[in-house]
2 protein chains.
Amino acid sequence: MRVAVVKNILDANSRIAQENRSLFDAHGLMVINLMSSPGAGKTTLLEQMGKHFANRLKIGVIEGDIQTTLDAERVAAAGLEAVQIETDGACHLDANMIQNALTNINLEGMDLLVVENVGNLVCPAEFNVGEDHKVMMLSVTEGDDKPYKYPLMFRESSVLLISKVDLLPHLRCDIEQIKEAARSINPELIIFEISAYTGQGLDDWHNWIQEQRAAK
Amino acid sequence: MRVAVVKNILDANSRIAQENRSLFDAHGLMVINLMSSPGAGKTTLLEQMGKHFANRLKIGVIEGDIQTTLDAERVAAAGLEAVQIETDGACHLDANMIQNALTNINLEGMDLLVVENVGNLVCPAEFNVGEDHKVMMLSVTEGDDKPYKYPLMFRESSVLLISKVDLLPHLRCDIEQIKEAARSINPELIIFEISAYTGQGLDDWHNWIQEQRAAK
């Protein structure tokens, strides 16, 4: 019974994700679904992208949080067009929430839409929202055993951003082990080592976005 | 329809949690449900508790992970009796999983049972498993805005362990802001500042356990 209910929910989600995708394609829009544990640095990365791409790419953001509009305020202050979804308890964003949020965002002339998902390394990976790419962040502070313990998100993502590498000297964390484990789960995974705080490694990530945008 | 299903699931969970609780009480056992984001330091804390309470308290651990038996191996190496639940995708432990795991653990003579939940700051807070206390960890690396963004776990917990305080000099994180926000959500919350890695602050946490154990 419970399995059937879950299957129905996922089927309904896929249908709405396809509708979102058609709308994104009609606008020639590139869409990233950005996922991580709480506090891995997603919002700080968006602030950096706002600065880097100012006057070059028009970027919109849909923020997902259980409560508060703190993140939408932060990215709006960085010059990005932002809409906040407060999920009121729900542990992930689904395609229907995104479809509703899209009525409050002007896609005309937009180059890139980033969906910043609820901070959760588990549930968001199960729900397509119509994105081109799932991109996940893993902070080195979370430890090097995480790919094996949370494999679905590593399997579903196109890109892994290993974040907070400026803290590595202070941690027991082997970044090579993260990469090896992640690639054993998903050999196609593109990996960038970054610090959204210091800016280290962001050039490669920004270049990747521009290449994907150009290929659209 | 979906709301009704969720309500049925939570009602069934409460019934089984009550059965677990009766079993724990029959053994005079103290039970902690330990929750946090991935990589906040739950397993490292259990290793420290294993060392500190060796020959003084008999501690059992039920480990919850989506995949792998890594954590059960770590705490068993620290001298604790450990059973691993692999949830195979599920984002939290529920009372039924604990009831099943209890058939594989000998409660006779045990003083403290710790349920180490799946690393997730959202979903585990919704499911009682029959515990005396919910205890949550928040790593300072996750940032000082987390209580407002993930309020349920702060509301449900008796104790907040603010972990990795040894990293504070390297972070933009105001620990006073964490405490103030957490107490605005839950004025009864007991807060300890710890580093499971360096051992800093663990005495107060260990004393709290012994006091609670003595009051049982």
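Owing to the predicted nature of the structure, the values given are computational and were not obtained by experimental measurement. Letters A, B, ... are given to chains in the order of the sequence lines, protein chains preceding strands, and every chain is numbered from 1. Reckoned from all heavy atoms, side chains included, excluding hydrogens, waters and symmetry mates.
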note = Between the CD atom in E142(A) and the OG atom in S37(B), the distance rounded to the nearest 0.5 Å is 7.5 Å
key: Residue, of K146(B), E126(B), R172(B), that accumulates the most heavy atom pairs under 4.5 Å with chain A   = R172(B)
task = Name the region of P38(B), side chain, backbone, both or neither, that has any atom closer than 4.5 Å to a heavy atom of chain A.
result = both
note = Comparing C123(B), P151(B), G143(B), G119(B) against chain A, the one with the most heavy-atom pairs below 4.5 Å turns out to be G119(B)
ask   = Got a second to check how far T43(B)'s OG1 is from D145(A)'s CG, nearest 0.5 Å?
value = 7.5 Å
query = What residues of residues 158-169 of chain A sit under 4.5 Å from chain B when you count only heavy atoms?
reply = K164(A), L167(A)
task = Check each atom of L138(B) against the heavy atoms of chain A and say whether the ones under 4.5 Å are side chain, backbone, both or neither.
result = neither
Summary of ring pair (Phe, Tyr, Trp, His ring centres under 6.0 Å) pairs that have at least one residue in residues 165-187 of chain B, sequence neighbours excluded = H170(A)-H170(B)
ask   = Which residues from residues 61-77 of chain A are near chain B, with near meaning under 4.5 Å between non-hydrogen atoms?
value = D65(A), I66(A), Q67(A), T68(A), L70(A), D71(A), R74(A)
request  = Residue by residue, scan residues 78-91 of chain A and write down, ordered by number, those that have a heavy-atom distance under 4.5 Å to chain B; if none do, write 'none'.
outcome  = G89(A), C91(A)
inquiry  = Report which part of K149(B) has an atom under 4.5 Å of a heavy atom belonging to chain A: side chain, backbone, both, or neither.
reply    = both
ask   = Should the heavy atoms of other residues, nucleotides or ligands under 6.0 Å from CD of Q200(B) be counted, would the total exceed 12?
value = yes
